[in-house]
Amino acid sequence: IAAALGLSIWAGGEGGHAVAQSDSYTIKFGNVISVGDTQNQGYALFAELVEERSDGRIKVQVYPDSQLGGEREMIEATQFGDIEMTAPSVGVLANFDKSLEVFDFPFIFEDAETAYKVLDSELGDEMLAGLENSGLIALGWGENGFRNLAMVKGTVRTPEDMRGIKLRTMQVPMHIAYWRSIGAAPTPMPFPEVFTSLQQGVVDGVENPYELLFSARFTEPAHFLTETRHIYDPEVILISKTFFEGLSAEDQKIIRDAADEMVAKIRSLKSTISDEIRAKIVAAGGTVTDLTDEERQQWIDSAIPFYKENASKVDTGKLKAILE
Ligand code: EAX
């Protein structure tokens, strides 16, 4: 068979291994985020730094906007080395590594600073390192941000208002379980399908950080927004393990250092973007509603039955450590 194949299957086609042997190579980095969004500005910086510091040997080709598919597909492609990098929502990634499910618990972080404390701690490092068991090297925590509601038919203020509402969620079991526990009808689907589903009335609403809701144009059909901040969504910057391990120590360092700078840039851009985009949504004719303290408390309390039901189903030690 080797003779019949002429060994042609290794001529650059077999994931990272062959590519990594040579001096010059291209890293394909797929994501679902729109061009120009803060994450993609961070990924562009990463591409620039890697290219510059390797004297042009390493190219990073970023494929935004779901060009290479949905997040689950791209995680699998990265595991297999069909692409080298991706940066999915932690929720979608938790399907591959259960210990990450603790981030899918609603209202677990009050603000980004608290989230950073956990992500940047030993616990956070341990979680990133654990992804090696799934064929992935995590280069750092990116950030999607706090997720808010965007509805088609009218404003939602309380958990009660969600009864019977078809809400598009990510394909994340814990998110689905929470929305179901408050009486909503969660409808999981990959990101690339959401816009059409909103337009066609397959779902009544969607939840995502303001920036993504706006750049993906979900706020056109779903223009009744509520700042629920129900889930803080860190994304994880991933590189294929087989690919990365085939690289020289020098190249690994170039990539890791550039990833650190990318993460810092994403965090700094994220610190103001939510308010900026919120203003743009309103200027475009959307309605954005803030919760009163009482309403916010109702939302937090609405998650208690969910915690009671699900705390023992995840890595309880980590959940407890985060809550503490
Ligand atoms: O990670 O699918 C989603 O709603 C995510 O927020 C998006 O894919 C970015």
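Positions are given from 1 along the sequence. Both counts, for ligands and for their atoms, begin at 1 and track the order of listing.
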Determine, stepwise, if the pair Y178 / F105 fulfils ring-ring contact (aromatic ring centres under 6.0 Å, His included). CA-CA 8 Å; Y178 166 66; F105 279 56; 9.9 Å; no
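Tested against F146, the residues Y232, F109, F107 include a single ring-ring contact (aromatic ring centres under 6.0 Å, His included) partner, Y232.
Residues N40 and N31 bring a donor and an acceptor atom of their side chains to less than 3.5 Å of each other. Between Y210 and E276, the side chains place no donor N or O within less than 3.5 Å of an acceptor N or O (distance only, hydrogens not considered). With 3.5 Å as the limit, one finds a donor-acceptor pair spanning the side chains of D233 and S89.
Under the 3.5 Å distance criterion, the side-chain polar atoms of T316 are matched with a main-chain donor or acceptor of V314.
Under a 4.0 Å criterion applied to the non-hydrogen atoms of S89, ligand 1 contributes the atoms 1 (O). Atoms of ligand 1 found under 4.0 Å from any heavy atom of V32, numbered from 1 in the order shown, are 7 (C), 8 (O), 9 (C). Those atoms of ligand 1 with a heavy atom of N144 less than 4.0 angstrom away are 1 (O), 5 (C), 6 (O), 9 (C). Atoms of ligand 1 found under 4.0 Å from any heavy atom of I33, numbered from 1 in the order shown, are 9 (C).
Scanning the protein heavy atoms around atom 1 (O) of ligand 1, the nearest turns out to be E71 OE2, 2.8 Å. For atom 2 (O) of ligand 1, the closest non-hydrogen atom on the protein side is R168 NH2, 2.9 Å.
At least one N or O atom of N208 sits closer than 3.5 Å to an N or O atom of ligand 1.
In this structure, F218 and F195 have parallel ring planes: the angle between them is below the 30° cut-off, well short of the 60° mark.
Contacts of V194 with ligand 1, taken as heavy-atom pairs under 4.0 Å, are absent altogether. Using a 4.0 Å cut-off between heavy atoms, R147 contacts ligand 1 through its side chain alone, with no backbone atom that close.
Remark: distances from the non-hydrogen atoms of M170 to ligand 1 include one below 4.0 Å.
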